[in-house]
Amino acid sequence: MAEREIRVRFAPSPTGPLHIGGVRTALYNYLFARKSGGKMILRIEDTDQTRFVPGAEDYIVESLQWCGIEFDEGVHVGGPHAPYRQSERKEMYKQYADDLLQKGFAYYAFDTPESLDTLRKDAEAAKKTFVYNAVTRKQLRNSLSMSAEEVSECLSRGDQYVIRILIPETGQVVVQDLIRGTVKVDCAQLDDKVLYKSDGMPTYHLANVVDDHLMNISHVIRGEEWLPSAPMHVLLYQYFGWTDTMPQFAHLPLLLKPDGNGKLSKRDGDRLGFPVFPLRWTDPKTAEVSSGYRESGYFPDAFINMLALLGWNSGTEQELFNMKELIQAFSLEHVGKSGSKFDLEKAKWFNHQYLLQKSDAELAAMWIPVLREKNVNVSEDFILQVIPLIKERVHFVSEMWDQSWFLFNNPESYDEAIIKKRWSPEMPEILRNIILVLLATEPFSRENLETMVKGHIQEKNLNMGQVMNVLRLCMVGSSTGPDLISMMTLLGKDLVVKRIENAITAIK
RNA sequence: GGUCCGUUCGUCUAGUCGGUUAGGACGCCAGGUUUUCAUCCUGGAAAUCAGGGGUUCGAGUCCCCUACGGACUACCA
């Protein structure tokens, strides 16, 4: 077969925010396209008008942009196959449905939704499943069971109708899946799905196949939930006579709930306390807010790295990949077959790794707005000195304040447990002597401080651990925090002395 | 219920040509460093490869069965 240009698409439905499973699908498409020098297309599948959610499309575009997933063609960037919104392609689909009708691969059906609903309920009551297929279609109201006159009468009268695919009574359909291998299904198991709805819109199945063909898509990489309908899609390609340009399929495994089983859903995030959406989303109807990775402080590259490894691996022991490296290393062959559970701890670890990779200046730029909000008015230079002291201790920029507030504000209380453990009646006297030493330390540099303070403690034969920890208590109010001497250097002589005096007065 | 897909440490996974002490990472535990905590370093526990049958000198790897899990089963995508 001749070399075919690689063209893949990500085709979400704007029915709400894109969840991380969708982002991962987009990512794998993107990596696959970039790896092979192919094109990446964003198509919006909005054929269901009843489920349209305002803002969802913009949300999808913004999310993907934040993730660094770029498109060569699509609803927001245009391209040779525009429009890329299926609602705007509405007029194009009818002719394809008609084509199928003409070839006898599809038929009109006049059953009302209510009548079908009743049939389904009856079947359910009899512990069976109603299927619109070879065994039932002759008993239903359609162009197969009705006379030609009756059909044209219904049509000219303007009766509501749908167009259904005609599944062969016998035979097999074979789907070649890049991830799952050969999947065979008996036609008898398939049902006559609606291709064209009574509102004049195609269903996913028709629109999807037609657009993939028209847009010359070479590979369909989508979620596993589409695997059961893939045989019908293959059949459609056969019916249209497009088998020689039919895309190759790859059905991705699902993202599962971290606890228990089942696929990850919006509710799980709320329940387990982690975002399932890339960006924060406010439901336009209910005003309900769902958290996002961006707002939770994840770096896009960390988020993408984490997501990429949920279902794919490089085959090596490398775990940290930037987008460039992901593109280089990606291959569908290394995509797993089984669903993977999201792991919050590992997601945090990834973010920590990326935070460590950022320069102090980058972190300062992200942190300063947070500090300003807390009315912290210190020089940028000071902030730049704080960052190296605390960056190793946090997963997120948002956690930096908790690790450093005492460098900006004096402690107002002192940990009782530490007082009990380290404080002694002679401590005020010892501290006063240390203040004297501090006052004599000139310049107040890290090196000087260290030799002066430690030298004094040794000289006076004091307990190093006790004094140092009390000094930390004076500075921080508790027993945690970065290196003591570094903190004291940063705080400066006046503040250090003041904090010791404060502590002496406060602790009795 | 039916159809299809799946099943290696708690979690993400390596393993793609049958011969490995079944490897790595997160998390967990211990020791070291840091006179604190975190980081970091070292080490450890952790998978009878879902179970059972085959095939084979030899099976996580091939075949069959069973179990369990999941997806789908709309004029939704």
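Below, read A as the first sequence line, B as the second, and so on, with proteins coming before strands; counting in each chain starts at 1. Values reported hereafter were calculated over all heavy atoms of this structure, with side chains retained and with hydrogens, waters and symmetry mates removed.
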Any strand counts, and the cut-off is 3.5 Å on both contacts for Watson-Crick or G-U wobble. Which nucleotide pairs with [N]?
| N | answer |
| --- | --- |
| U33(B) | none |
| U16(B) | none |
| A38(B) | none |

Requested in this report: For W312(A) and for E392(A), find the nucleotide of RNA chain B with the closest heavy atom, then tell me which residue's nucleotide is more 5'.
Outcome: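 Taking each residue's closest nucleotide, the earlier one in sequence belongs to W312(A).
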Report task. Identify, between G311(A) and H395(A), the residue whose nearest nucleotide on RNA chain B lies closer to the 5' end. Result ->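 On the 5' side of the pair lies G311(A).
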Between [atom2] on [N] and [atom1] on [X], what's the gap in Å once rounded to a whole number?
| X | N | atom1 | atom2 | answer |
| --- | --- | --- | --- | --- |
| D177(A) | G6(B) | CG | P | 9 Å |
| Y132(A) | U3(B) | OH | C1' | 21 Å |
| I390(A) | U39(B) | CD1 | C1' | 13 Å |
| E317(A) | C26(B) | CD | P | 12 Å |

Quick one: does [X] reach the base of [N] with a side-chain donor-acceptor pair under 3.5 Å?
| X | N | answer |
| --- | --- | --- |
| R180(A) | C5(B) | no |
| K346(A) | A25(B) | yes |
| T129(A) | G1(B) | yes |

**Report entry** Pair K193(A) + D191(A): basic N to acidic O under 4.0 Å
**Finding:**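 Looking at D191(A) together with K193(A), the answer is yes, because their closest N to O distance falls below 4.0 Å.
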Query raised in the report: Do the ring centers of Y354(A) and F299(A) come within less than 6.0 Å of each other?
Result: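 No; F299(A) has its ring centre 6.0 Å or more from that of Y354(A).
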Query raised in the report: Using 30° and 60° as the class limits, which term best fits the ring planes of H233(A) and H205(A): parallel, tilted or perpendicular?
Result: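 Tilted.
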Query raised in the report: Parallel, tilted or perpendicular: which describes the rings of F330(A) and Y28(A), with under 30° parallel and over 60° perpendicular?
Result: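 Answer is tilted, since the angle falls between 30° and 60°.
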Go through [options] for me and flag the one nearest to the [X] side chain.
| X | options | result |
| --- | --- | --- |
| W349(A) | C72(B), C26(B), C75(B) | C26(B) |
| K337(A) | G6(B), C75(B), A14(B) | G6(B) |
| S479(A) | U36(B), U39(B), A77(B) | U36(B) |
| V183(A) | C72(B), C26(B), C5(B) | C5(B) |
| L254(A) | G70(B), C26(B), U16(B) | G70(B) |
| V162(A) | U36(B), A71(B), C75(B) | C75(B) |
| L227(A) | C5(B), G24(B), U11(B) | C5(B) |

Query raised in the report: Rounding to the closest angstrom, what is the interatomic distance between C49(B) and U11(B) at atom P?
Result: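 Between the two P atoms, the distance is 15 Å.
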Describe the nucleic acid contact of [X] in one word from base, sugar-phosphate, nothing, applying a heavy-atom distance below 4.0 Å.
| X | result |
| --- | --- |
| D46(A) | nothing |
| D483(A) | base |
| S229(A) | nothing |
| H251(A) | nothing |

Requested in this report: Compare side-chain N and O positions of T47(A) against OP1 and OP2 of A77(B) and report whether any pair is under 4.0 Å apart.
Outcome: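 T47(A) to A77(B) OP1/OP2: side-chain N or O found under 4.0 Å.
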Query raised in the report: With respect to the phosphate group of A77(B), does any side-chain polar atom (N or O) of K197(A) fall under 4.0 Å of OP1 or OP2?
Result: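 Looking at the OP1 and OP2 atoms of A77(B), one of them is under 4.0 Å from a side-chain N or O of K197(A).
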Requested in this report: Can you see which heavy atom on L235(A) is nearest to which on V173(A), and at what distance?
Outcome: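 Shortest heavy-atom contact: CD1-CG2, 4.0 Å.
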Report task. Identify, with sequence neighbours excluded, every residue that meets ring-ring contact (aromatic ring centres under 6.0 Å, His included) alongside F130(A). Result ->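 With neighbours one apart ignored, the set is empty.
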